[in-house]
Amino acid sequence: MNALRLRRAAVAVAAAAVLPLSLAACSDSGSDTKAEAGSAASESATKESTPSTGADMAADGPFGPACASVPKDGAGSFDGMAQDPVATAASNNPALSTLVAAVKQAGLVDTLNNAKDITVFAPTNEAFAKIPKADLDKVLADKATLTKILTYHVVGQKLTPKQLENGSFETLQTGTVTTKGSGEAYTVNESSKVVCGNVPTANATVYIVDTVLMPK
């Protein structure tokens, strides 16, 4: 009887000694798993929250300070403009209303809309406002001169921002425009700044500029 009691006591003592060790091992394993999961989640969150650089934006889509004023949705938005040929797309952008009126006056709507893979340097309303009103009215009334100026803003190929870094391109007017810059800062003919660039339309890439380009 005494021997049986002693054996039971020994078994109880051994169990009491082993149990804490087993629990500790399980606890350590759970902590390691949670730590690994937490680290993975943290890395994923960091990647998702990292903003795109200016270079990425310039390569992938529209860039420039004036892009902020483009409507977020509707026909005048970037998505909306991408669905329409260039003259139609420009007509839905309030900042290009003077240019659109000039294109209509020159009878170039169909020419631009039916062209394939072109680049348009599109002057803003403010760009046209830099021209004295009397001079602008005179140009608008002279279809031949107006056509010459407007076609000088069109290049017969789609240009990427990379190509604008140090470029020289023949225009539909048969003149030449030169471009310089990098990142999100580009100039055309050394004076006209790109204020919203790399804007896609159905048949063209548009670079909105702050100064009207004049053929030499």
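FYI, side chains are in, hydrogens and waters are out, and symmetry mates aren't considered; it's all heavy atoms of this structure. Counting from 1, the numbers follow the sequence of the chain as shown. Owing to the predicted nature of the structure, the values given are computational and were not obtained by experimental measurement.
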Indicate if [X] and [Y] have the same hydrophobic cluster label, given that clusters are the connected sets of ILVMFWY residues with side-chain heavy-atom separations under 4.5 angstrom.
{"X": "Phe169", "Y": "Tyr152", "result": "yes"}
{"X": "Leu213", "Y": "Ile208", "result": "no"}
{"X": "Val120", "Y": "Val155", "result": "no"}
{"X": "Leu112", "Y": "Leu140", "result": "yes"}
{"X": "Ile131", "Y": "Ile149", "result": "yes"}

Minimum heavy-atom distance between [X] and [Y], given as atom pair plus value:
{"X": "Val206", "Y": "Ala122", "answer": "CG1-CB, 3.9 Å"}
{"X": "Ala66", "Y": "Ser69", "answer": "O-OG, 2.8 Å"}
{"X": "Asn113", "Y": "Pro85", "answer": "OD1-CB, 3.3 Å"}
{"X": "Gly183", "Y": "Phe63", "answer": "O-CE1, 4.3 Å"}
{"X": "Glu184", "Y": "Gly64", "answer": "OE1-N, 4.0 Å"}
{"X": "Thr174", "Y": "Glu170", "answer": "CA-OE2, 3.8 Å"}

Between atom [atom1] of [X] and atom [atom2] of [Y], what is the distance when rounded to the nearest 0.5 Å?
{"X": "Thr124", "Y": "Lys193", "atom1": "OG1", "atom2": "NZ", "answer": "13.0 Å"}
{"X": "Thr98", "Y": "Gln105", "atom1": "OG1", "atom2": "CD", "answer": "12.5 Å"}
{"X": "Ser168", "Y": "Gln163", "atom1": "OG", "atom2": "CD", "answer": "12.5 Å"}
{"X": "Leu146", "Y": "Lys138", "atom1": "CG", "atom2": "NZ", "answer": "14.0 Å"}
{"X": "Asp142", "Y": "Thr147", "atom1": "CG", "atom2": "OG1", "answer": "8.5 Å"}
{"X": "Asn125", "Y": "Asp210", "atom1": "CG", "atom2": "CG", "answer": "13.0 Å"}

More than 12 non-hydrogen atoms from neighbouring residues, nucleotides or ligands closer than 6.0 Å to [atom1] on [X], yes or no?
{"X": "Lys104", "atom1": "NZ", "value": "no"}
{"X": "Asp73", "atom1": "CG", "value": "no"}
{"X": "Lys130", "atom1": "NZ", "value": "yes"}

With side chains defined as the heavy atoms from C-beta onward, is the minimum distance between [X] and [Y] less than 4.5 Å?
{"X": "Asp84", "Y": "Thr201", "value": "no"}
{"X": "Val199", "Y": "Tyr207", "value": "no"}
{"X": "Leu150", "Y": "Leu99", "value": "yes"}
{"X": "Asn189", "Y": "Ser192", "value": "no"}
{"X": "Thr171", "Y": "Val154", "value": "no"}
{"X": "His153", "Y": "Val212", "value": "yes"}

For the aromatic rings, using the six-membered ring if either is Trp, is the centroid distance between Tyr186 and Phe121 under 6.0 Å? no
Asn203 side chain to Ile118 backbone, donor-acceptor under 3.5 Å: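 Looks like no, no N/O pair under 3.5 Å.
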Within the distance-only criterion (no hydrogens, no angle test), does the side chain of Thr119 pair as donor or acceptor with the backbone N or O of Leu159 below 3.5 angstrom? yes
Applying side chain to side chain contact (heavy atoms under 4.5 Å, CB included), run through Val194 and Val188 and close with a yes or a no. CA-CA 7 Å; Val194 174; Val188 185; 4.2 Å; yes
Quick one: do Thr160 and Asn198 satisfy side chain to side chain contact (heavy atoms under 4.5 Å, CB included)? Show the steps, please. CA-CA 7 Å; Thr160 65; Asn198 206 29; 5.7 Å; no
